[in-house]
Amino acid sequence: MPGRTRANGEGSIFPYRNGFAAYVWVTKPDGKRTRKYVYGQTREVVHDKWIKLHQQAKAGPVATRVPTLGDYLTYWHREVVRPNLAPLTCATYETILRLYVIPGLGGKRLDRLQVRDVQTWINEVARTCQCCAQGKDARRPELRRRCCALGRCCGDTPSARTVKDIRGVLRSALNHAATEELVTRNAAALVKPPPVRRRRGRAWTSDEARRFLESARADRDPLYAAYVLILVLGLRKGEVLGLTEDAVDLAAGELSIGWQLQRVGGQLLHRETKTQTSDATLPLPDICAAALDLRHAAKNDRDQAGIAWQGSRLLFTTRYGTPVEPRNFNRSWDRLLYEMHQGPLSSMESGP
């Protein structure tokens, strides 16, 4: 039986194994020319793929190799996340990719990732002890090992919030892969993560806040004014520690928010706030103005430090003019609470 007459330009479609194959000359992202092949069970299926590939080749460079998910995530974090997102967000994404996503799914080919693969993996992450999976206890010195390395699993499974964040990072990466036309659908977007139950913390009463601030002022705590700004204006810790001296205008009774202080990946960063909506010029209530005035009046750190003074335009610094470590700020806050109660924290929750 004579074969079907080939259409114009169809000469690159040919029988291959149990079906058919075809190729198109394309330009790769590196500028080199090469053949890219498509396959299918019937000539009609291959012809449709061949036409689509021709259209892609005319539109621009075409990738001739589909990467594994691990390779793509490495590229995505380096070329998309790092240049465009805040340093703390980049560090969080890197941790999630390194500890969870790449070890679990990184070996799968990107275009063959199925919803079932992601759902099975996310369920496994939710019930797996991460101390065992990541070797946390095994990395401790031998005399300090206390659980999983000794055969006594501690059951350190990730919280529902963490599992949801893991799925969210993978979904963001696959969204970008779909934009680059490397996948036809986002498998992570169709996965159902475990429900997250939000814990409602109890807000301080005005009497508790007043007693906390009175205790800090009585102790002449150098961070007293910072505590006032957090409790009265609702500023974040990073925003308070990132305030510069020129951000305060006591004459006009205003405070400008535009910078924050964060420790990310071992570096202490003084950078702009995450979004423009975080920037604001706030009126200063009398208690805030009085606390800041007290801070300016008591700030003789430069004279006390002498030649050890390192200089800083930050409003809150150590005695040597260096930025206040965010963790040290937390320790000062918790110490003050502990001294107020003279024991473990009870009704007042820890942390600004």
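In this structure, the ring of Tyr338 has its center no less than 6.0 angstrom from the ring center of Trp333. In summary, the aromatic rings of Tyr227 and Phe212 are positioned with their centroids under 6.0 Å apart.
With Asp111 contributing its side chain and Val183 its backbone, the two residues share no donor-acceptor pair below 3.5 Å. The backbone N or O of Pro83 sits nowhere less than 3.5 Å from a side-chain atom of Arg78 that would complete a donor-acceptor pair. Remark: the backbone N or O of Gly168 is paired with a side-chain donor or acceptor of Ser172 at under 3.5 angstrom. Not one N or O on the side chain of Thr162 forms a donor-acceptor pair closer than 3.5 Å with the backbone of Pro158. Checking side-chain atoms of Thr120 against main-chain N and O of Arg116 turns up a donor-acceptor pair under 3.5 Å. Distance alone, capped at 3.5 Å, places no donor-acceptor pair between the Glu254 side chain and the Val248 backbone. When atom types are taken as modelled, the side chain of Asp71 and the backbone of Pro67 share no donor-acceptor pair closer than 3.5 angstrom. A donor-acceptor pair under 3.5 Å links the side-chain atoms of His77 to the main chain of Cys90, judged by distance alone.
Under the rule for a side chain to side chain contact (heavy atoms under 4.5 Å, CB included), the partners of Cys132 that lie at least two apart in sequence or sit in another chain are Cys129, Cys148, Cys153. With sequence neighbours excluded, the residues satisfying ring-ring contact (aromatic ring centres under 6.0 Å, His included) with Tyr93 are Trp76. Ala218 is linked by a side chain to side chain contact (heavy atoms under 4.5 Å, CB included) to nothing, counting only residues two or more places apart in sequence or in another chain.
The two residues Thr157 and Ala126 come nearest to each other via the heavy atoms CB-O, 3.6 Å. For Arg146 against Arg140, the heavy-atom pair with the smallest separation is NH2-NH2, 2.9 Å. For the pair Gly242 and Trp259, the tightest heavy-atom approach, listed with the atom from each and the gap, is O-CB, 3.6 Å.
Leu229 places a side-chain heavy atom less than 4.5 Å from the side chain of Leu243. The side-chain heavy atoms of Arg335 and Asp221, taken from C-beta on, include a pair separated by under 4.5 Å.
Under the 4.0 Å criterion applied to side-chain N and carboxylate O atoms, Arg82 and Glu79 are not assigned as salt-bridge partners.
Distance check: Leu69 CG to Arg109 CZ gives 13.0 Å after rounding to the nearest 0.5 Å.
Relative orientation of the Tyr39 and Tyr37 rings is parallel, given thresholds of 30° and 60° on the angle between their planes.
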Practice task
Go through the steps to decide whether Tyr16 and Tyr23 satisfy the test ring pair (Phe, Tyr, Trp, His ring centres under 6.0 Å), and finish with yes or no.
Solution key: CA-CA 12 Å; Tyr16 180 77; Tyr23 68 86; over 10 Å; no
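Between the side chains of Asn328 and Arg331, at least one donor N or O sits under 3.5 Å from an acceptor N or O.
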